[in-house]
Structures are given as C-alpha cells and as structure tokens.
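Each residue takes its place number in the sequence, starting with 1.
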Amino acid sequence: MVTKEYIEKLLAKNKAQLKTYKDNLEENYLHNFEWLAEKIFKLEWKNKILNDILVLFDDENVNAENAVKNLKERFKNSLLTQQLMKSSTNPIANLTSLWISECKQELIEEL
C-alpha cells in the first residue's frame, strides 16, 4: 500500500540527491553535466510524477491508492506498447524518451 508518508519520503530522498547533483554542477559545470545530466533529468521527471501523486492524497474525492495502481498499470501498458525511443530527428528527444521509459520502470518498482 502506497501512503502519503511513503511518497513524501521518496520525494525527500530525490530532492536531497538533486541538491547534491546541482551543487556539483555549480562547482564544475562542464565536467559534471556530462556525468549528471541523465540523473538530474530522471530525478526531476520522477519528482513531477510523485508531486502529482501527492496531490491526490489531499483530494478527498479521489482514492489515491487506486489512482497509483492505475498509474502503474498505464506505465506498464505504455512500456509494452511504445517504442523504446522516439523516431525524432532530435537525438536528445530520443534519449529523453528512453530515460522516461526507464523512470516508468523505476516508479513501477518503487510504488
């Protein structure tokens, strides 16, 4: 069962990691961006989803636990039916598509 406290704990953990990574960027941007861009993107994307879930717990008209189950199911379906990477002429769009798929996999496990 996913609880509001659990989501808050995941968010706090992600935010602490993000702070560390962003502090490293300030120290040596070029070097650290090369090694941290993927991690920062994934943490930011996951935080957006976790914040959206957190809002559900405050809405008395929504069963947050069922909403999380539905979200996990949608993530599973999209992972099974979509291409791993977009067919864009922009290589960064293709790469972020892959990273989002990886985030979905991680969130399915975490939630």
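Residue pairs meeting the salt bridge (charged side-chain N to carboxylate O under 4.0 Å, His left out) criterion with at least one partner in residues 28-44, sequence neighbours excluded, are Lys22-Glu44, Glu38-Lys42, Lys42-Glu102. For residues 89-111, the pairs satisfying ring pair (Phe, Tyr, Trp, His ring centres under 6.0 Å) are Phe41-Trp99, with sequence neighbours left out. A salt bridge (charged side-chain N to carboxylate O under 4.0 Å, His left out) check over residues 67-78, counting only residues at least two apart or in different chains, returns the pairs Glu65-Lys69.
Here the CG-CG distance, from Leu56 to Asn66, works out to 11.0 Å after rounding to the nearest 0.5 Å. Atom NZ in Lys13 sits 8.5 Å away from atom NZ in Lys9 (nearest 0.5 Å). The line from OH of Tyr6 to CD of Glu110 is 6.0 Å long, rounded to the nearest 0.5 Å. Considering CG of Asn47 and SG of Cys103, their distance stands at 10.0 Å, rounded to 0.5 Å. Rounding to the nearest 0.5 angstrom, the gap separating the CG atom in Asn94 from the OG1 atom in Thr89 is 8.0 Å. Distance check, rounded to the nearest 0.5 Å: CG of Asn63 to CG of Asn70 gives 9.0 Å.
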Query raised in the report: What's the verdict on side chain to side chain contact (heavy atoms under 4.5 Å, CB included) for Lys4 and Asp58, showing C-alpha distance, side-chain angles and the deciding distance?
Result: CA-CA 9 Å; Lys4 182 177 181 177; Asp58 296 329; 2.8 Å; yes
Requested in this report: Might you work through the side chain to side chain contact (heavy atoms under 4.5 Å, CB included) test for Ile49 and Leu71, ending with a clear yes or no?
Outcome: CA-CA 10 Å; Ile49 300 298; Leu71 177 66; 3.8 Å; yes
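Remark: Thr96 pairs with no residue by the side-chain hydrogen bond (donor to acceptor under 3.5 Å, both in side chains) rule, at least two apart or across chains. By the side-chain contact (heavy atoms from CB on, under 4.5 Å) test, Ile7 is found to be paired with Val2, Leu11, Leu50, Ile53, Leu54, Phe57, Leu111, residues two or more places apart in sequence or in another chain being considered. Legend: residues meeting side-chain contact (heavy atoms from CB on, under 4.5 Å) with Ser101, ordered by chain and number and at least two apart, are Leu79, Gln82. Checked against side-chain hydrogen bond (donor to acceptor under 3.5 Å, both in side chains), Glu8 has no partners two or more places apart in sequence or in another chain. In this structure, Gln17 has no side-chain hydrogen bond (donor to acceptor under 3.5 Å, both in side chains) partners at least two apart in sequence or on a different chain. Residues passing the side-chain hydrogen bond (donor to acceptor under 3.5 Å, both in side chains) test with Glu106, sequence neighbours excluded: Lys46. The side-chain contact (heavy atoms from CB on, under 4.5 Å) search around Asp59 returns Asn61, Val62, not counting sequence neighbours. Shown here are the ring pair (Phe, Tyr, Trp, His ring centres under 6.0 Å) partners of Trp45, two or more places apart in sequence or in another chain: there are none.
The other members of the hydrophobic cluster of Tyr21, by chain and number, are Leu18, Leu25, Tyr29, Leu30, Phe33, Leu36, Ile40, Leu43 (side-chain heavy atoms under 4.5 Å, ILVMFWY only).
Contact record, Thr81 with Asn77: OG1-O, 2.8 Å, taken as the closest heavy-atom pair.
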